[in-house]
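Count residues from 1 along the sequence.
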Amino acid sequence: MVKICCIGAGYVGGPTMAVIALKCPEIEVAVVDISVPRINAWNSDQLPIFEPGLDEVVKQCRGKNLFFSTDVEKHVSEADIVFVSVNTPTKTCGLGAGKAADLTYWESAARMIADVSKSSKIVVEKSTVPVKTAEAIEKILTHNSKGISFQILSNPEFLAEGTAIINLLNPDRVLIGGRETLKGKEAIQMLEDVYAHWVPKDRIICTNLWSAELSKLAANAFLAQRISSVNAMSALCEATGADITQVSYAVGKDARIGPKFLNASVGFGGSCFQKDILNLVYICECNGLPVVANYWKQVIKLNDYQKTRFVNQVVSSMFNTVADKKITVLGFAFKKDTGDTRESPAIDVCKGLLGDKAQLSIYDPQVSEDQIKRDLSMSKFDWDHPAHLQPPSPIAIEKVRVVRDAYEATKDAHALCILTEWEEFRTLDYKRIYENMQKPAFVFDGRNIVNVKRLRKIGFIVYSIGKPLDAWHHGKPE
Ligand code: UDX
Ligand code: ADP
C-alpha cells in the first residue's frame, strides 16, 4: 500500500490530502502538523478552515484512509511520498527583507525528513515557494541522507479558497516538475499515477523542476495583474463617468482576454498573490533584471493604491473627518466563502480608518472576533508564521467592536463599507438599515455588489468602486 504524508495541515495541505484520500481509497494519507489545536480541530466536527464541500469529503475518509496527527516523525518515516506544505513567510529583516521568502520552516521540515527517513522517499513541494527552493531542499536532503535516496518534485497548488474542493476535483491542470534523470522520471510517474485516479491524462503536465516552480509564480502574477489592471481602470472610470462593470464586460467579451477575474475591487488579498509577486520581484532583482522586477512591482503598488484610494474616498466624502464616527465594516475575509483573512484588503482599510480615528463596528459571517483583532494588531507579514509562534491573545483595540449581525453592526452608524462580497450583503434590508443610521447615511461598496440606483433612491449617498460618482462625491480630492 502506498503511503502519503503531508507536513502542514493548512489551507492547502488539508483540502488537497482530503481529496487525494477520497479519490484513492487504496492509498493511506496522513496529514501532520506541529500545531496541536489545528490537528485536534481536523479530528473534530469543527474543522479549522471553512471551505464549502470540505466537511463532506473529510467525513467520508477520516479514520479510513485519511488521518490527522501531530506525530510528524512517525508518519514521515513510514511514507513513500511526503508532501511539504508549511509556511513560507516573507522575510522581514536581513537579506531580501520585504521580498524574499523565509525558508526557515521549509528547512526544518527538510532536515527532519532526512533525520527520520529509513527508506527512499519522494518529497513534493506543495506550498508556495520561490524558484529554486527544490534545489536547496535537495541539497539539505542529500547531504543528510545517510545513503537514502530522495527525489524532489514540485507540484504547485492552484486551488482558490472558497472553491478549493471543486478546483481539486476538477483541476484545469496538475503540474508536476522533477529531475530529468531516470529516477526523477520514475518519481514523476509515481505522482502522476496518484492524480490519474481522477484527473484526465491530458491535464497532467510534466516539466522540469524550475519550470514548475516558476509557473506557479507566473500564474499568480498574471491573475493579480488582471485585477490591478481592472482596478486601475476603475479609478479612470470614476474620474470620467464610465462604469467599470460595463467596461469589464466589453473587454472580457474579447475571446483573447476572456471574462474571468475582471471584477474591480477594493484590492486583492489572500496568502498567495502579494507573496508570490514579491518572490518574483526578488528573483528578477537577483538575476540582474531590474526592469522586469519593477514591472511586476507595479501590480502590488496599484493594489496598495486602490486600498488607500478607498480610505481617502470614505474620509473625504464624510467632511474630511471620520474621528469618532461609527463606521460599519461588512466583510473582513479576503473574499467570500472563506474565513481566511490573510492579506485581506479589509485589514489595510480598517487600519487606514482607525488612523483617522474612526470607531469601527465589524461584521463578517465567518471570521472570529479574535482573528479580526489579531489581524488589526499584527505587523505586516507576521501572519505567515505557525500559530504557536504568534502572540497568545490579541491586544484589545479600543475603537473596534466585532458584532455577529449586519443589522446590529449598522445601527447608528454614519457609514458602511462593504469589503467582502458575501452573498448575504446583496440581499440585506437596506431600507431598514438606512432608517437606523445617522444622516447623511453613506455606503462605500468596495466590491460592487449593491444596487446603486436602489440605494440612492432609499436616500443613501453611495460610492461604488469604478461607478459614476454622484454629485456628492464629484470633485472630492483623492
Ligand atoms: C489564488 C489563485 O487563484 C490560486 O490559483 C492559487 O493557488 C492561490 O492564489 P486565492 O488567493 O485563494 O487563489 O483566491 P482568488 O480567487 O485568486 O482571489 C484572490 C483575491 O483577488 C481575492 O481578494 C479576490 O477578492 C480578488 N479578486 C479576484 C478581485 O478583486 N477581482 C477578481 O475579479 C477576482
Ligand atoms: P497554506 O495556506 O500554505 O496551507 P497554512 O499557514 O495554512 O499555509 O499552513 C501551514 C501549516 O504548516 C501550519 O498549520 C503550521 O503549523 C504547519 N507547519 C509549519 N512548520 C511545520 C513543521 N516543521 N512541521 C509540521 N508542520 C509545520
Side-chain angles (χ1 to χ4, degrees), residues 231-232 234-241 244 264-269 301-332 334 343-364 372-373 375-377 380 397-403 406 409-420 425 430 433-434 436-450 452 455-456 459-478:
N231 282 344
S234 75
L236 187 58
C237 284
E238 287 164 29
T240 56
I244 193 63
S265 66
V266 60
F268 59 74
K301 280 196 180 161
L302 201 290
N303 198 47
D304 288 337
Y305 168 72
Q306 190 75 344
K307 291 181 270 187
T308 309
R309 207 167 73 77
F310 187 86
V311 173
N312 291 351
Q313 186 68 56
V314 175
V315 178
S316 65
S317 304
M318 297 173 73
F319 319 107
N320 258 337
T321 175
V322 288
D324 290 324
K325 289 180 184 164
K326 176 171 170 179
I327 299 191
T328 301
V329 170
L330 293 184
F332 201 80
F334 81 97
E343 296 287 2
S344 177
I347 298 172
D348 284 341
V349 169
C350 288
K351 283 184 174 173
L353 294 171
L354 287 170
D356 243 291
K357 297 196 165 55
Q359 300 267 5
L360 300 184
S361 171
I362 305 176
Y363 166 66
D364 186 287
I372 290 174
K373 293 196 166 164
D375 287 331
L376 291 178
S377 48
K380 203 171 162 68
I397 304 171
E398 204 193 321
K399 286 175 176 280
V400 175
R401 253 178 26 94
V402 178
V403 297
T410 46
K411 195 168 179 317
D412 294 326
H414 291 258
L416 70 91
C417 299
I418 300 172
L419 302 185
T420 312
F425 299 157
Y430 282 99
I433 288 176
Y434 178 78
N436 288 325
M437 281 175 67
Q438 309 260 3
K439 309 293 172 334
F442 296 85
V443 169
F444 299 92
D445 183 359
R447 296 288 185 167
N448 281 342
I449 61 165
V450 300
V452 175
L455 261 60
R456 284 192 180 137
F460 282 108
I461 293 160
V462 186
Y463 165 82
S464 198
I465 294 269
K467 299 273 177 182
L469 300 176
D470 62 18
W472 187 284
H473 297 105
H474 252 304
K476 292 276 186 316
E478 266 191 10

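Summarising the geometry, atom CD1 belonging to I372 is positioned 11.5 Å from atom OG belonging to S377; distances are rounded to the nearest 0.5 Å. Separation of atoms OG1 (T420) and CZ (F425) is listed at 6.5 Å; rounding is to 0.5 Å. The OG atom of S265 sits 5.0 Å away from atom CZ of R447, with the distance rounded to the nearest 0.5 Å. With rounding to the nearest 0.5 Å, the separation of CZ in F460 from CE in M437 is 5.5 Å. Here the CD atom belonging to E238 is positioned 11.0 Å from the NZ atom belonging to K467, to the nearest 0.5 angstrom.
Evaluation of the side chain to side chain contact (heavy atoms under 4.5 Å, CB included) rule for K439 yields Y434, A441 as partners, not counting sequence neighbours. With sequence neighbours left out, the side chain to side chain donor-acceptor pair (under 3.5 Å) criterion links S234 to Q306, R309. Among residues two or more places apart in sequence or in another chain, the side chain to side chain donor-acceptor pair (under 3.5 Å) test is passed with D364 by W422. Qualifying side chain to side chain contact (heavy atoms under 4.5 Å, CB included) partners for T308, counting only residues two or more places apart in sequence or in other chains: N312. Annotation: side chain to side chain donor-acceptor pair (under 3.5 Å) contacts of K326 (sequence neighbours excluded): none. Remark: K301 engages no residue in a salt bridge (Lys or Arg N to Asp or Glu O under 4.0 Å) (not counting sequence neighbours). Partners of D348 under the salt bridge (Lys or Arg N to Asp or Glu O under 4.0 Å) rule, at least two apart in sequence or in another chain, are K307. Here C237 pairs with A242, I244, V247 under the side chain to side chain contact (heavy atoms under 4.5 Å, CB included) rule; sequence neighbours left out. When the ring pair (Phe, Tyr, Trp, His ring centres under 6.0 Å) test is applied to F334, no partner is found at least two apart in sequence or on another chain. For K399, the side chain to side chain donor-acceptor pair (under 3.5 Å) partners two or more places apart in sequence, or in a different chain, are D324. By the ring pair (Phe, Tyr, Trp, His ring centres under 6.0 Å) test, F444 is found to be paired with F442, residues two or more places apart in sequence or in another chain being considered.
At least one donor-acceptor pair closer than 3.5 Å links the side chain of N303 to the backbone N or O of F268. The closest donor-acceptor contact from the side chain of N448 to the backbone of I465 lies under 3.5 Å.
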In a table with atom names and distances, give each donor-acceptor pair under 3.5 Å that connects a side chain of residues 410-417 to protein atoms at least two apart or in another chain.
residue : atom : partner : partner atom : Å
T410    : OG1  : A406    : O            : 2.9
T410    : OG1  : Y407    : O            : 3.0

